[in-house]
Structures are given as structure tokens and as C-alpha cells.
Amino acid sequence: MLEPARSPHPDFLCIGAQKAGTTWLYANLRSHPGILMPPVKEVAYFSTLYVPGWAKADAEHRANQVAQARAHWNAPERLDPKRTRPEIRARVLASLDALSREPMDDAAYATLFAGCGVDQVCGEISPQYCVLPREGIRHALALNPNLKVIALLRHPVARAMSHLAMLCGKTPTAERMKEIALSNWWNGVSWYSDYATWLLRWRGMLPPGQLHVDYNGLIRDDPVGVLRRICDFLGLPFEEARFRNARERVFEGGKPTGDTAEVRAIVNERMAPLIEDLRRRMPDIADALDRHG
């Protein structure tokens, strides 16, 4: 029998950054019984509403995720009530129906968290949220004024290199990465790495103590420690046994072919002003990225 439900809203968001470990975090947090998350990783609700030009791409990404999730939950083993509790499957399918509504609204969004028990927390992970304008952050806080926010950071250069490779598609090459780095697409890549701008925006609008920052390098070197800190931040008990796959890579983009040294030199040069700005405005974050990025 499900625990009693309470008012459906996210207790926490992970806002990115993209290419900094958010898929790993989603896979691990879903295994904690005290956490309810949507059946897809990137809901991207607030970015759809508040980041100009993103609505179509967000909707297409949701549709693709929903199709994959439906196939998973309609597999024969998921239809067997001895292996999957019918009420859990029904809740998941209701969430997938809500995610299929376009345009999404607050009511559809609330459906994603409607099954959260009184002894659970609920939330979602959408790396698109890091660059939300103030209007989008206000909307998220209107749903829960005590919202907690997790940010995973990666050294800006390493993050940008991974982002460039992702934009190449399934077969990234050094040549194509260079083309993208020198094109107008660079603006989108650098936007995600502009930590001083978007992290300070979020920090300034959240209640004190409601932002937790961790680092991609620590996911690699001490994944259990990262999960312990996040559980503490969310007010949840930590048991390492809950996270059997903490040390496993969940997703790793394709390795580019060709020599990427020239690409890295371009990225270093183009990223230098943002890194200098970060050192000036958030020296503690810059220092941590030097150690753990």
C-alpha cells in the first residue's frame, strides 16, 4: 500500500550543469526509497516556459524520453504483478501521460510528484535549469518556497569539450568540434560554463542554505562521498548499500576521433574570460574546480 500523499511539488531540483554528472546522479537517487523522481530524467518544464527558443527542443526531448520509458514499463516483465506492483506501474504511466501533454502546465507537472509519500522527498533533474532567468526561478519557488537546489560542476574547459563532442552527434571528430567552437553555437556552449553568472543568480534567489554544490571530479574519485553529502542536504538517511552502482559510469559520450589539442587550445582561449570572472566573483568555487573539476 502506498504511503499517504502530500501536496505535489518538487522538494529539490538538480539544475546541472550539463555534462557534469547529472545522469549518474539521476540513476543513483532513484534507488533511494526516500526519493521519488519522474520516470524520465529531463522534464525541462521551466526551461520550456522561460528560455526563449527552447520549447520545441524540450518537447521533442520529452517525447523521446517518454517513448523509451513506455517501452520499458510495457515490457512483459513489468506487466507481471509479481515483479512490479500494479500501483507503482499505474503511477509511472500517469506520470508519462502527464509528460505527454503539450504544452505542459503546472497541473501536469504536479502529477509527476503526486505519489510522493509523507516520509519521502521528490524532485527532478534537468540540466537546462542552470541558465533559467529570474522569472523561471521565481516560478519554481512559487511551487515550493523552501526548494532545495543541487548543482554539479565540472571544470569549464572540460565541460565545454564534452559539450562540443555531444553536439557532433554519435561520431564526434576533432574537426567538427573545432567548427562548432568557432561558430555561433559556441554561445550556447559557453552559456552553460558561465558558472559565476547562473550560480550567483540561483544562490541570490534561494533561501539561505538551500543550494548544494558538488563536483564532477569527486563523482569520479569519491562517488559515495558525493551521495552522502547530497542525502545529508536533502535530509535523508544515508546507507551505502542503497547505492550499489555508485562507482559505475552511467553514460559516457563518444570519444572524438582525431587530435583534439587544437580544439582544446581554442576552448581554453575562449573560456579564459569566464574563468577569470569566476575567480573574481566566486573564488571558492574556482579553487574547488581546480582541485576537483
Any donor-acceptor pair under 3.5 Å from Asp222 side chain to Leu218 backbone: no

Can you check whether Ala17's main-chain N or O pairs, donor with acceptor, with Arg154's side chain at less than 3.5 Å? no

With a 4.0 Å cut-off, would you call Arg229 and Asp232 a salt bridge? no

Same cluster (ILVMFWY, side-chain, under 4.5 Å), Ile15 and Leu200: yes

Heavy-atom closest pair, residues Leu206 and Leu147: CD2-O, 3.9 Å

Determine yes or no for a side-chain-to-main-chain donor-acceptor pair under 3.5 angstrom, with Thr260 supplying the side chain and Pro256 the backbone. no

Counting C-beta onward and ignoring hydrogens, is there a side-chain heavy-atom pair between Ile137 and Trp198 closer than 4.5 Å? no

Is a donor on one side and an acceptor on the other found under 3.5 Å between the side chain of Asn64 and the backbone of Glu60? no

Going by atom types only, do Arg242 and Ser31 share a side-chain donor-acceptor pair under 3.5 Å? no

Quick check for you: to the nearest 0.5 Å, what is the distance between Ser47 atom OG and Glu42 atom CD? 9.0 Å

Take Glu124 and Ser126, measure what side-chain hydrogen bond (donor to acceptor under 3.5 Å, both in side chains) needs, and give me the verdict at the end. CA-CA 7 Å; Glu124 57 124 338; Ser126 293; 2.7 Å; yes

Hey, are the side chains of Tyr26 and Leu29 touching, using non-hydrogen atoms and a 4.5 Å cut-off? no

Any heavy-atom pair between the side chains of Leu112 and Leu99 that's under 4.5 Å? yes

Lys148 (side chain) donor-acceptor with Asp11 (main chain) under 3.5 angstrom: no

Distance alone, cut at 3.5 Å: any donor-acceptor contact between the side chains of His72 and Asn74? no

For the atom pair CD1 (Ile285) and CZ (Arg281), what is the distance rounded to the nearest 0.5 Å? 12.5 Å

Report yes or no: does Asp58 contribute a side-chain atom to a donor-acceptor pair with the main-chain N or O of Thr48 at less than 3.5 Å? yes

Is there a side-chain contact between Asp277 and Tyr195, using heavy atoms and a 4.5 Å cut-off? no

Working to the nearest 0.5 angstrom, can you tell me the gap between Leu164 CG and Glu179 CD? 11.5 Å

Could you report the tightest heavy-atom contact between Cys14 and Thr22, atom names first, then the distance? SG-CG2, 4.0 Å

Return yes when atom CD of Glu77 has more than 12 non-hydrogen atoms of other residues, nucleotides or ligands closer than 6.0 Å, and no otherwise. yes

As a quick check of understanding, evaluate side-chain contact (heavy atoms from CB on, under 4.5 Å) for Arg30 and Ile35, giving each step before the final call. CA-CA 7 Å; Arg30 289 182 72 197; Ile35 300 176; over 6 Å; no

I'd like to know if the side chain of Arg91 and the backbone of Cys116 have a donor-acceptor N/O pair within less than 3.5 Å. no

Quick check on the 6.0 Å ring-centre criterion: do Phe243 and Phe238 meet it? yes

Residues Trp191, Trp185; criterion ring pair (Phe, Tyr, Trp, His ring centres under 6.0 Å); working and verdict: CA-CA 10 Å; Trp191 200 17; Trp185 284 23; over 10 Å; no

Step by step, would you call Gln210 with Arg203 a side-chain contact (heavy atoms from CB on, under 4.5 Å)? CA-CA 8 Å; Gln210 299 297 91; Arg203 179 181 285 178; over 6 Å; no

Name all pairs fulfilling the ring pair (Phe, Tyr, Trp, His ring centres under 6.0 Å) condition that reach into residues 127-181, sequence neighbours left out, sorted by first residue then second. Tyr45-His139, Phe46-Tyr129, Phe46-His139, Tyr50-His139, His163-Tyr192

Answer yes if Ile219 and Met166 sit in the same cluster of Ile, Leu, Val, Met, Phe, Trp and Tyr residues linked by side chain heavy atoms under 4.5 Å apart, and no otherwise. no

Given Thr23, which partner from the list Lys41, Arg249, Gln18 fulfils the side chain to side chain donor-acceptor pair (under 3.5 Å) test? Lys41

Applying side-chain contact (heavy atoms from CB on, under 4.5 Å), run through Leu25 and Ile230 and close with a yes or a no. CA-CA 10 Å; Leu25 185 62; Ile230 288 175; 3.6 Å; yes

Worked check of side-chain contact (heavy atoms from CB on, under 4.5 Å) between Asn144 and Phe12: CA-CA 9 Å; Asn144 181 4; Phe12 72 91; over 6 Å; no

So does Asp284 have more than 12 non-hydrogen atoms from other groups sitting under 6.0 Å from CG? yes

Tell me whether Trp186 is reachable from Leu278 by hopping between hydrophobic residues (I, L, V, M, F, W, Y) whose side-chain heavy atoms are closer than 4.5 Å. no

Does Leu182 share a hydrophobic cluster with Ile180, counting links as ILVMFWY side-chain heavy atoms below 4.5 Å and allowing steps through other members? no

Is it the case that the side chain of Asp214 and the backbone of Leu152 share a donor-acceptor pair, with hydrogens and angles ignored and the cut-off at 3.5 Å? no

Side-chain heavy atoms of Glu135 within contact of Leu49, under 4.5 Å: no

Between CG of Leu96 and CD of Gln65, what distance do you get to the nearest 0.5 Å? 10.5 Å

Is it the case that atom CD in Glu102 sees more than 12 heavy atoms from other parts of the structure closer than 6.0 Å? yes

From Arg159 CZ over to Met271 CE, what is the distance, rounded to the nearest 0.5 angstrom? 6.5 Å

With rounding to the nearest 0.5 angstrom, report the NE2 to CG distance, His292 to Asn216. 12.0 Å

Mind running salt bridge (Lys or Arg N to Asp or Glu O under 4.0 Å) on Arg279 and Asp290 for me, showing each step along the way? CA-CA 11 Å; Arg279 293 193 189 284; Asp290 285 341; 2.9 Å; yes

Leu199, Ile275: one ILVMFWY side-chain cluster at the under-4.5 Å cut-off? no

Is the backbone N or O of Asn187 less than 3.5 Å from a side-chain atom of Ser190, with the two atoms forming a donor-acceptor pair by type? yes

Find out whether Phe113 and Ser95 are in side-chain contact, i.e. whether some heavy atom of one side chain is under 4.5 Å from a heavy atom of the other. no

Is the closest side-chain heavy-atom distance between Pro10 and Leu13 below 4.5 Å? yes

Here the pair of heavy atoms bringing Pro86 nearest to Pro81 is CG-CB, 4.0 Å

Is Arg244 salt-bridged to Glu239, cutoff N-O under 4.0 Å? no

